[in-house]
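Proteins come first, then strands; the chains are lettered A, B, ... in the order of their sequence lines, and each starts at number 1.
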Amino acid sequence: MGTAPASRDVTSYGMGLAAPLALFFLFFFVAPLLQLLWLSLHNDTAALHWGLGQYLHFLTDPFSLSVLGSTLLLGAEVTAVCLVLGFPIAWLYQRVGPRLQTIIILIVLLPLLTSVVVRTFAWIVILGRQGIINATLQSLGIIDTPLKLLYTQFGVVIALAQVQMPLMTLPLITALGRIDPNLDDASCSLGAGSWRTFVRIVLPLSLPGVIAGCTLTYAAAITAFITQSLIGGGQMLFMPMYLYQQASTLQNWPFASAISIIFLLAVLVVVSVFTTLGRLSRGYGGA
Amino acid sequence: MAGRKRTLEAFSFELVMTVVALIALIIIIAPSLVVLIVSFTSGFSLRFPPPGYSLRWYAELWDAWQLHFAAKNSLIVALWATGLSVVLGVAAALAISRSPTLSARLLDSLFMSPLVLPALAFGLAALMLFSLVGMQVSLLTLVIGHTVVCVPYVVRNTVAALAQLEPTLLESSAVLGASRLYTFRRIVLPLIRPGIIAGAFIAFMSSFDNVPVSLFLRDAATDMLPIRMWQDLEGKLDVTIAALSGVLIIATVALVAVMERVTGLSRRLTN
């Protein structure tokens, strides 16, 4: 401890080690995004005339605005479903023994590491006209004709919720693990019931985890191109597919760039709102 | 009387939470099981339960050369992107992990930002940059694009492993006369290796499964597996894809089991 300068020397590494990755990001991450911004500020595909035409087009076009709106709404619905289903998993995790804990984590983790196309494909098998749900309901005589589940908002939300569930559950498990279990007992011994203890003690103290989970889930759900396009089908259009169509099929790169920038900004706004809430809640939780 | 009301109330809470948790766990695991079962069907459709069981679609998979080609490309890109991510990411993690300076925090945010930004927008941006500088799309451009979106996993896991490292160990090593390089090789690296391996594993899986970046940076000559599967599914519901999904699910389960042994993956992701 006496040799403070020397000890700092051996326990940390120079910032120079970050230079290769920083340069790599400068060339292949920052530069492309700047070029995207630059191109979006041009009115023509040859990028000769500067202007805000692409943005004006997007913001005055009811169709574009409805695509943006439905994408943001989809993210909110998926996040809500994930929170409602994910929280009890995290709660159960804290109640069971180490063996079951590992099993729960692996069940939660596996989908995260399984291919998204595979997971989405599974939902086609489940939700399709001949799928499990329709076959079961028909054999039970509850319905005569198959329900339309695929290519509906309900289908997209439930499939996306399953695909993104690990992103919500893992931070929740971490957050619930940090709560002092004595608080639970104290609340109960002071006369509060289990529901009240949950709402007044557990929920507020787990807010940092809730917010971290919501941020990750939301950001992932609105950009989930594969699940949105395969389960949503041709009639439902969300921002990622809209962007892809404009860029690839129509080759309208300036408009596609503007869509990208608007989409990026929308994600950034949502993430920073969540981050601010997270910072506030951490102050609250720590008090 | 009051006591009984309390236990009833507590019971109702536990019951609701447990039931919802079990339903959620079933929803998480069911789709993979369903695909696994359907992939062994003897019929031509994705009907569940299958009319009979056979390995015919797995045999069919043996001859699906388009899928083989795409799988080979995906594997090559994932291996290179993971290697590059480990070299660049571990070095960067060493630099920023214990540094409280503003530049270190800013770099940390920069390196993490591909995780939250829509990857599709980055894919388009990368395509435009490569075409501006006259670079044809190839396996190289795919490796570069994938590295950008995979390196955050390596950085995050390595930083987390370094945070667990006792600084006194490094001081002791230095006091005993070890050089910095020797200390790194014999003390630091062995202690953070599980973290690096866990990060590399997640980076590899996310590269192998990447769609948004590959979508823009590949062409017919550099077909990638998830894109190939997606396009096959858009066209028709092929049972061969179910067999391929079965292979991928089993491979993932096996890899996760190995990683759990080697790195304690589950503990790592909840701390």
Side-chain angles (χ1 to χ4, degrees), chain A residues 7 10-13 15 17-18 20-22 24-25 28-29 31-33 35-36 85 88-89 91-92 102 105-111 113-119 121-123 125-126 130 132 162 165 170 173-174 193-195 219 223 225-226 230 240 243 247 253 256 260 263-264 267 271, chain B residues 6 9-10 13 17-18 20-21 24-25 27-29 31-32 34-35 38 45-48 88-89 91-92 94-96 98-99 107 110-111 116-121 124-126 128-129 132 144 148 167 170-171 174 205 209 211-212 226 229-230 233 241 245 248-249 252 256 266 269-271:
Chain A
S7 74
V10 293
T11 56
S12 69
Y13 295 86
M15 288 300 282
L17 281 173
L21 186 58
F24 188 85
F25 262 56
F28 299 119
F29 183 66
L33 291 178
Q35 206 219 337
L36 191 78
L85 292 177
I89 296 180
W91 175 87
L92 187 68
T102 311
I105 284 287
L106 289 180
I107 289 179
V108 171
L109 208 56
L110 264 178
L113 297 165
T114 311
S115 161
V116 168
V117 187
V118 171
R119 283 183 281 161
F121 173 62
W123 282 99
V125 178
I126 294 171
Q130 296 192 336
I132 298 172
Q162 188 261 339
M165 189 88 77
L170 292 175
I173 287 177
T174 310
S194 300
W195 287 101
T223 56
F225 178 82
I226 290 287
L230 283 177
L243 195 171
W253 283 13
S260 304
F263 194 32
L264 275 173
V267 174
V271 168
Chain B
R6 267 287 288 289
E9 196 259 10
F13 175 76
M17 291 299 266
T18 310
V20 176
L25 286 172
I27 290 180
I28 290 178
I29 202 76
S32 301
V34 165
V35 167
V38 165
S45 73
L46 297 167
R47 186 186 287 276
F48 188 95
L88 294 173
L94 286 172
I96 62 176
R98 286 180 190 276
S99 174
L107 281 176
L110 175 67
F111 297 153
V116 273
L117 294 184
L120 208 66
L124 173 65
M128 294 195 306
L129 186 85
L132 185 78
I144 292 173
V148 168
L170 306 183
E171 286 163 4
M205 296 305 271
D209 188 36
V211 169
M229 291 173 79
W230 168 60
L233 287 177
I241 298 295
S245 301
L248 290 178
I249 290 169
T252 308
V256 168
S266 60
L269 290 171
T270 49
N271 278 324

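For the atom pair CD1 of A:Ile107 and CD1 of B:Ile29, the computed distance is 5.0 Å after rounding to the nearest 0.5 Å. Distance check: B:Thr252 OG1 to B:Asp209 CG gives 8.5 Å after rounding to the nearest 0.5 Å. Between the CE atom in B:Met17 and the OG atom in A:Ser194 there is a gap of 10.5 Å [rounded to 0.5 Å]. Expressed to the nearest 0.5 Å, how far CG of B:Leu88 lies from CG of A:Leu17 amounts to 11.5 Å. Here the straight-line distance linking atom CG of B:Leu94 with atom OG of B:Ser99 works out to 12.5 Å at 0.5 Å rounding. To the nearest 0.5 Å, the span separating CD1 on B:Ile249 from CG on A:Leu113 amounts to 13.0 Å.
Interface residue A:Val116: backbone and side-chain heavy atoms are both found under 4.5 Å from chain B. Heavy atoms of A:Ile105 lying under 4.5 Å from chain B belong exclusively to its side chain. Only the side chain of A:Phe225 comes within less than 4.5 Å of a heavy atom of chain B; its backbone N, CA, C and O stay farther away. The part of A:Ile173 that comes within reach of chain B is its side chain, from C-beta onward, which places non-hydrogen atoms under 4.5 angstrom from that chain. Contacts of A:Phe29 with chain B are made by both backbone and side-chain atoms, with heavy-atom separations under 4.5 Å. Looking at A:Met15, both its backbone and its side chain come within 4.5 Å of chain B, counting heavy atoms on both sides.
Judged by distance alone, the side chains of A:Trp195 and B:Glu9 never bring a donor and an acceptor atom under 3.5 Å apart.
Counting heavy-atom pairs closer than 4.5 Å to chain A, the top-ranked of the candidates B:Ala92, B:Pro31, B:Ala24 is B:Pro31. Contacts with chain B were tallied for A:Ala122, A:Ala247, A:Pro88, A:Pro240; A:Pro88 has the most, counting heavy-atom pairs under 4.5 Å. Between chain A and the options B:Ile28, B:Val35, B:Leu46, heavy-atom pairs under 4.5 Å are most frequent for B:Ile28. Contacts with chain B were tallied for A:Val125, A:Thr223, A:Leu170, A:Leu264; A:Leu264 has the most, counting heavy-atom pairs under 4.5 Å. Counting heavy-atom pairs closer than 4.5 Å to chain B, the top residue among A:Trp253, A:Trp123, A:Phe263 is A:Trp253. For the set A:Leu230, A:Leu109, A:Leu92, A:Leu106, the count of heavy-atom pairs under 4.5 angstrom toward chain B peaks at A:Leu230. Your options are A:Thr102, A:Leu243, A:Val108, and the one with the most heavy-atom pairs under 4.5 Å with chain B is A:Leu243. Highest contact tally toward chain A, considering only B:Ile144, B:Leu248, B:Val256, B:Val211, is held by B:Ile144 [criterion: heavy-atom pairs under 4.5 Å].
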request  = Would you check, one step at a time, whether the test ring-ring contact (aromatic ring centres under 6.0 Å, His included) holds for A:Trp91 with B:Phe13?
outcome  = CA-CA 11 Å; A:Trp91 175 87; B:Phe13 175 76; 5.7 Å; yes

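Proximity of a side-chain donor or acceptor of A:Arg119 to a complementary backbone N or O of A:Pro111 within less than 3.5 Å is detected.
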